[in-house]
Amino acid sequence: MGRDTVQTANHATFAYLLNHVMMYSSKENVNILTALLQQWGVVHAVVCPGSRNAPIVHNLKACGSITCYPVTDERSAGFFALGLSQVADEPVVVCVTSGSALLNVAPAAAEAMYQRRKLIIVSADRPASMIGQLQGQTMHQPTALTHFVRKAVNLPEPHDDTERWYCNRLVNEALIELERGDGGPVHINVPISEPLFDFSARQLPTERVMHLREPQCDIGALAEVVSCFAKAKRPMIVIGQSKYEDFIGADDSFRTLGDYCALIVEQLGNAIDPEPCFIDETLIKAECDEEKFLPDVIVFMGGNIVSKRLRLFLRKAKDARTFIVNKDGAARDIFMHATDIVQASVADMLEALATTIKGASTTPYNNLWMTYMQRCCDRLDSFDPCFSQMSAVRDFCAITNSLECECHFANSTSVRLGMAYLFRYMFVNRGMNGIEGSLSTAVGYARGIDCLVFCVIGDLSFFYDQNALWNNNLTSNLRILLLNNGEGAIFRGLPGLADSPASEQEICGAHVTSAEGICEQNNVRYFSARNTRELRDGLEELIDEDCPLPVLLEVFTDAETDAKVLYDYLYAEKKQAN
């Protein structure tokens with residue numbers, strides 16, 4: 001974790017510094033950074049213990065306009081910051097000490113990169129002269145996150161006006177990159193020489209701010225896209241994971257296009273009409289008659305999509321004119337046959353397309369997809385699974401869909417089941433699709449909002465990220481539905497894995513762990529369910545808004561039953577496709 005040797009002394013120093021807020025650090029690069037964070041409007045900082053980063057933490061606390069959230073585990077802290085940044089699409093600092101502490105933020109940085117969230121990763125460092133000289137907590141930090149952030153800068157320790165100008169410029173450059181286009185994480189590395197604890201500066205400097213000015217999207221510049229789209233016989237729009245804010249002002253355009261073409265969008269990419277979208281069942285039927293279902297024009301917007309089957313299906317549309325749309329103009333060739341890269345926002349692209357086809361009749365292609373998707377929805381409504389993870393998520397969504405709340409889903413089985421039943425926008429760490437950090441992200445999000453925040457999570461994801469609950473920032477609006485079938489059951493669906501002697505223990509991670517003790521030690525109210533009656537009683541406790549503590553409901557199911565229920569739902573009617 002990158003801790004100093006004398007842990008007790010460090011925590012005492014850290015506590016002292018947080019209370020000593022009248023003066024600022026004597027370190028000029030720290031003061032320049034703090035002043036610019038203030039002037040750029042940053043108001044949230046997640047801070048981790050350490051001595052080398054103490055001057056930075058002290059300044060963040062002392063400036064008054066920035067709220068600090070102490071989190072000890074750096075990996076959890078990064079995802080906690082990610083959750084905070086999702087509340088209002090605001091920049092959030094996560095500040096760590098030197099050494100391997102920085103490496104623990106890499107998973108959250110990578111996730112933020114693909115979610116386009118604005119994390120400002122600030123790491124303290126030893127002076128360059130000490131790197132590689134067997135000094136404690138030293139490594140080459142400036143490039144440690146190069147592939148996981150949009151920009152990384154290494155601040156000088158200024159000695160003259162030129163170096164002060166350089167330090168100011170580097171911070172501004174990083175913060176500009178944080179906001180440019182769709183936004184994304186940046187890394188600011190801050191070498192700090194000893195003495196570390198001189199807090200003699202009476203005020204922060206007034207720093208030059210380099211303002212970001214981006215050109216507005218010109219609808220006329222999208223003429224090639226809209227013309228091609230309007231002429232298509234089988235037009236399709238696919239929207240991957242998007243920020244809630246991407247859809248501001250796009251309601252009418254979204255609905256107009258939904259009535260005209262095949263509009264494929266999962267709940268993590270839909271902030272307007274987020275209806276259940278278990279697209280895999282439709283695709284299983286569509287694969288029986290591919291030529292009718294494959295598009296001749298694809299407009300793709302947003303980030304990752306959950307359905308691997310959808311990605312593989314659309315890769316077969318090799319002759320389709322495929323437009324990849326994003327504000328950065330990045331070539332994200334998700335279907336492996338992109339023809340055009342279009343630099344535009346989701347809202348502007350939807351408006352341009354909707355304006356072009358306004359008043360036009362719905363296409364037969366739209367009718368084809370809508371008919372099959374409606375049949376799948378009807379079948380899902382009539383499908384009554386036995387007690388399993390599928391029935392648990394169904395009953396959870398049935399009771400929470402009408403609540404004023406927000407939902408975070410972890411990866412693998414949880415998010416896939418959520419897409420079958422959830423009638424709202426879904427938060428999920430789909431940028432990297434990893435199991436780490438889902439709970440920490442939900443904890444951070446809950447800290448920044450007043451309504452109930454639910455986290456639906458599998459057992460391996462939960463226990464891997466259990467330090468999310470070792471957190472002084474827990475709030476009573478946090479509610480966790482833990483799906484525990486004793487292993488990573490999603491691996492059971494991998495062809496041929498059952499033939500391996502390593503399948504159960506080494507690959508699926510079989511275990512007999514419960515969350516009860518974890519909840520007890522972290523003051524989280526705990527309930528469990530092992531049958532349908534206990535599940536329904538537990539869900540009532542989970543949604544109780546008057547509970548003064550966070551609540552966790554652990555649902556114990558059988559892995560083989562879970563796999564069979566999902567298989568029966570998806571494949572029982574495969575040969576009956578119409």
What are the two closest heavy atoms between [X] and [Y], and how far apart are they?
| X | Y | result |
| --- | --- | --- |
| Ser412 | Arg416 | O-NH1, 3.3 Å |
| Gln115 | Arg430 | NE2-N, 4.1 Å |
| Glu111 | Asn433 | OE1-N, 4.0 Å |
| Asp348 | Leu222 | O-CD1, 4.2 Å |
| Asn429 | Gly437 | ND2-O, 3.6 Å |
| Tyr244 | Ala271 | CD1-CB, 3.6 Å |

Could you tell me whether the side chain of [Y] reaches within less than 4.5 Å of the side chain of [X], counting heavy atoms only?
| X | Y | value |
| --- | --- | --- |
| Trp40 | Glu179 | yes |
| Asp459 | Leu483 | no |
| Asn473 | Val71 | yes |
| Ile121 | Leu145 | yes |
| Leu542 | Val551 | yes |
| Asn411 | Val306 | no |
| Leu175 | Asn172 | no |
| Val190 | Asn154 | no |

Could you check whether any side-chain N or O of [X] sits under 3.5 Å from a backbone N or O of [Y], counting only pairs where one atom can act as donor and the other as acceptor?
| X | Y | answer |
| --- | --- | --- |
| Arg447 | Thr475 | no |
| Asp246 | Ser242 | no |
| Arg479 | Asp544 | yes |
| Asp160 | Glu163 | yes |
| Glu436 | Pro107 | no |
| Ser85 | Leu82 | yes |
| Asn29 | Pro191 | yes |
| Gln38 | Leu33 | no |
| Asn477 | Ala446 | yes |
| Glu554 | Asn484 | no |

Take Leu170 and Ile188, measure what side chain to side chain contact (heavy atoms under 4.5 Å, CB included) needs, and give me the verdict at the end. CA-CA 9 Å; Leu170 289 176; Ile188 300 175; over 6 Å; no

How many angstroms lie between [atom1] in [X] and [atom2] in [Y], if you round to the nearest 0.5 Å?
| X | Y | atom1 | atom2 | answer |
| --- | --- | --- | --- | --- |
| Asp73 | Asn104 | CG | CG | 7.0 Å |
| Leu102 | Thr97 | CG | OG1 | 10.5 Å |
| Glu74 | Phe79 | CD | CZ | 13.5 Å |
| Ile480 | Ser438 | CD1 | OG | 11.5 Å |
| Ile543 | Thr400 | CD1 | OG1 | 8.0 Å |
| Lys243 | Ser345 | NZ | OG | 11.5 Å |

Around atom [atom1] of [X], are there more than 12 heavy atoms of other residues, nucleotides or ligands at under 6.0 Å?
| X | atom1 | answer |
| --- | --- | --- |
| Glu404 | CD | no |
| Tyr526 | OH | yes |
| Glu245 | CD | yes |

Taking only Lys NZ, Arg NE, NH1 and NH2, and the carboxylate oxygens of Asp or Glu, determine whether [X] and [Y] approach each other closer than 4.0 Å.
| X | Y | answer |
| --- | --- | --- |
| Arg150 | Asp182 | no |
| Arg164 | Glu28 | yes |
| Arg52 | Asp125 | no |

For [X] and [Y], I'd like to know if the aromatic rings sit close, meaning centre-to-centre distance below 6.0 Å.
| X | Y | answer |
| --- | --- | --- |
| Phe454 | His408 | no |
| His511 | Phe463 | yes |
| Phe199 | Tyr24 | no |
| Phe462 | Tyr464 | no |

Using only heavy-atom distances, determine whether the side chains of [X] and [Y] contain a donor-acceptor pair under 3.5 Å.
| X | Y | result |
| --- | --- | --- |
| Gln86 | Thr441 | no |
| Ser440 | Asp465 | yes |
| Thr34 | Asn31 | no |
| Asn189 | Ser123 | yes |

Walk me through whether Asn326 and Asp328 qualify under side chain to side chain donor-acceptor pair (under 3.5 Å). CA-CA 6 Å; Asn326 56 73; Asp328 296 326; over 6 Å; no

Starting from the C-alpha separation in whole Å, work towards a yes-or-no answer on side chain to side chain contact (heavy atoms under 4.5 Å, CB included) for Leu474 and Val524. CA-CA 9 Å; Leu474 289 187; Val524 174; 4.1 Å; yes

Sequence neighbours excluded, which residues qualify as side-chain contact (heavy atoms from CB on, under 4.5 Å) partners of Arg169? Trp165, Tyr166, Glu173, Arg208, Met210

Side chain to side chain contact (heavy atoms under 4.5 Å, CB included) with Val415: of Leu422, Val456, Val428, Ile457, only one passes, and it is Val428

Between Ser98 and Arg126, does the side chain to side chain donor-acceptor pair (under 3.5 Å) criterion hold? Intermediate values first, please. CA-CA 7 Å; Ser98 62; Arg126 261 62 174 177; 2.7 Å; yes

Going through the distances and angles, do Ser476 and Leu549 end up as a side chain to side chain contact (heavy atoms under 4.5 Å, CB included)? CA-CA 4 Å; Ser476 62; Leu549 298 174; 5.6 Å; no

Using the rule given for side chain to side chain contact (heavy atoms under 4.5 Å, CB included), can you reason through Leu37 versus Ile120, listing the C-alpha separation, both sets of side-chain angles and the distance that settles it, and then say yes or no? CA-CA 10 Å; Leu37 290 174; Ile120 307 169; 3.9 Å; yes

